Amino acid sequence: MKVLVSEQIAQKGIERLTQEGVSVDVKAGLSREEFLKIIGEYDGLIVRSNTQVNEELYQHAPRLKVVGRAGNGVDNIEMEGATKRGIVVVNTPESNVVSAAELTIGLMFATCRNIPQLHNRLKERVWDRAGLKGMELQGKTVGIVGLGRIGSLVATRMKSFGMNIIAYDPYISDARFKKYGVEKKEKLEELMAQCDILTVHTPKTEETYGIIGKEQFKAAKKGLTVINCARAGIVNEEALIEAMKEKIVKRVGIDVLEGEPHATSPLLDLDNVIVTPHAGADTVEAQDNVGITVAQEVISALRGEIVPNAVNLPTLPMQEFDTIKAYLKLGETLGKMYYQLEKEAIEKVEILYRGEVAALETSVITLAILKGLFEPVLKERINYVNANVIADSRGVTVTESKESTVKNYLTLITLKVISKDKEFTISGTTFGKGELRIVEINGYEFDVNPTPYMVVAENHDKPGVVGQMGTLLGVAKVNIATMQLGRKLTEQQAMMVLAVDSVVTKETLDFLGGVEGILRVRFVKI
Ligand code: NAD
């Protein structure tokens, strides 16, 4: 077996490959032309983020069985081409979580005890602690936003320092909060009002970008310490500077800055801001872990074994892939709708396959549904292969059932999401050459072609509401492509699904929400 390593990985990873009898060529910095000339000799390829693994490459690589991405994001790897050819794509999402959690904690100590400032004074031969009195952590409250892998590591470690831990993460079940002994906060403002140290650990999504902003600082306890070791902009930098001026925020520890890798952020000019240059994953252990993990995964894939971090679905033969492709897309679409329409943490997922789809290998469609369900809140962390494991680790039970026939349709998939106080259902079908239709949401029936941008609204079923929605969208210069209305006559309620040509801003949504008769309105991106 021959593996080409086209970007630098830790030596320990190379050693692992050779120990297992794999012949390894490390050739970083090849021109694309040279690279394409030789890739045909290899069974495996290891890349970081610079090598473009695309159709052109696949066509030159008839022997390729596995692509290993040393790191997280897989934006440089074209997934469908790999899946069609049975090429396994693997990555290493878990390798740096301990390092990131430890840097977060390091920044807590550094900020609360002014370690860099005291260090700098003494290095300049000034023995003076004046104005730099520290704060003990014991007995204080840490507020964690995002209780995922890193957030929960921070929680368990900070408990041993005698701190109270509270967290805001509306997307995980109460059971997980209990497991980590963390007090759940239903509202972010509640967390802000109670914590002495705020630390954010969410991915960067549309919802989390700027999630800590002006309003949140207004609700904060005076003298707050703010730590951001997640992604730049989750804490809005302008609002943070303002909150420091107003003495709401006293200390800041930051590993991720707007404009990075350029050192342009105005935060850099402030004395009580301690910064590191996105060094969360920059430890010998994390880099070794990445190298060893990717090597191990590539070896497993070459041996045809199950690979825990495979990102695509390599086990489907080409023919079956074509049949199931539309269902995967439908499943993912149905899943994606949930967290964009509802905010309740998922406790149970029930999937019913009826008609033609019931005869297929539905377990992979279930994975696609789970991927869709969690993607809006976990981003690239979730993939087809780990979707089940992630659901399980978040305390979500998943059940699947099948019926060979179904009334009115040839094929129908119904997803039921059960949360603490609610049940949500959505059903969809396919027809023709993989056309998708959403045919039911929470008992409202329609025939909706899911499009990239949609507005979903529930309203009292009375004259004038639909017209006003159209007018307001028009004023906001949002073009409506199609509109579907589902009605519940007995309840005199209706649901509108509007396919629109562009993004609808929060402001416009607030306007729409204010229309008399509108009960709820949401913007959905597929
Ligand atoms: P994770 O996916 O395990 O956890 C993220 C958590 O955020 C999930 O539990 C999710 O439910 C929650 N969440 C999503 N949207 C939310 C919202 N609107 N409000 C509250 N909670 C929300 O991710 P992780 O591995 O713990 O990583 C956390 C962050 O750390 C990511 O942004 C990641 O990119 C970053 N990171 C940074 C470094 C670094 O070098 N500084 C290294 C590793 C990871």
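What you see below is based on every heavy atom in this structure, not just the backbone, and it leaves out hydrogens, waters and symmetry mates. Atoms within a ligand are numbered from 1 in the order they appear, just like the ligands themselves. None of the values given here were measured: they were computed from a predicted structure. Throughout, residue positions are numbered sequentially from 1 according to the sequence presented.
Proximity of R394 to ligand 1 is established by a heavy-atom distance of less than 4.0 Å. No heavy atom of T205 sits closer than 4.0 Å to any atom of ligand 1.
S265 and E237 share a side-chain donor-acceptor pair at under 3.5 Å. At a cut-off of 3.5 Å, with distance as the only test, no side-chain donor of S363 or E400 sits close to an acceptor on the other residue. Side chain to side chain, S99 and T283 meet the donor-acceptor criterion of an N or O pair below 3.5 Å. D255 and T276 share a donor-acceptor pair across their side chains, judged by distance under 3.5 Å alone.
Ligand-side atoms of ligand 1 in range of A281: 40 (O), range being under 4.0 angstrom from any heavy atom. Counting the atoms of ligand 1 from 1 in the order shown, those under 4.0 Å from a heavy atom of E207 are 18 (N). Near T208, meaning under 4.0 Å from any of its heavy atoms, are these atoms of ligand 1: 15 (N), 16 (C), 17 (C), 18 (N). Taking every non-hydrogen atom of H278 and a distance limit under 4.0 Å, the qualifying atoms of ligand 1 come out as 39 (C), 40 (O), 41 (N). Taking a cut-off of under 4.0 Å to the non-hydrogen atoms of A100, the atoms of ligand 1 that pass are 42 (C), 43 (C). Within the listing of ligand 1, atoms 2 (O), 8 (C), 10 (C) sit less than 4.0 angstrom from a heavy atom of L378. Every atom of ligand 1 is numbered from 1 in the order shown, and the set under 4.0 Å from a heavy atom of P203 is 5 (C), 7 (O), 14 (C), 31 (C), 32 (O). Listed by number with element, the atoms of ligand 1 under 4.0 angstrom from any heavy atom of H201 are 5 (C), 6 (C), 7 (O), 28 (C).
Backbone and side-chain nitrogen or oxygen atoms of C229 are examined, and one is located within less than 3.5 angstrom of a nitrogen or oxygen of ligand 1. Residue I150 has at least one N or O atom closer than 3.5 Å to an N or O atom of ligand 1. Geometrically, ligand 1 and D255 share a nitrogen or oxygen pair separated by less than 3.5 Å. At least one N or O atom of D169, backbone or side chain, sits closer than 3.5 Å to an N or O atom of ligand 1.
Using modelled atom types, one side-chain atom of R48 and one backbone atom of Q8 make a donor-acceptor pair closer than 3.5 Å. Judged purely by atom type and a 3.5 angstrom limit, N236 has no side-chain atom pairing as donor or acceptor with the backbone of I212.
V311 and M79 get closest at one heavy-atom pair: CG1-CE, 3.9 Å.
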Considering only distance and modelled atom types, tabulate donor-acceptor pairs under 3.5 Å from the side chains of residues 239-252, sequence neighbours left out.
unit_1, atom_1, unit_2, atom_2, d
R251, NE, T111, O, 3.4

Apply salt bridge (charged side-chain N to carboxylate O under 4.0 Å, His left out) to residues E215 and K218 and explain how you reach the verdict.
CA-CA 5 Å; E215 290 303 307; K218 256 193 216 156; 3.4 Å; yes
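The heavy atom nearest to atom 35 (C) of ligand 1, considering only A279, G146, A230, P376, is found in A230.
Within the 4.0 Å heavy-atom criterion, the part of L147 lying near ligand 1 is the backbone and not the side chain.
Among residues two or more places apart in sequence or in another chain, the ring pair (Phe, Tyr, Trp, His ring centres under 6.0 Å) test is passed with F511 by none.
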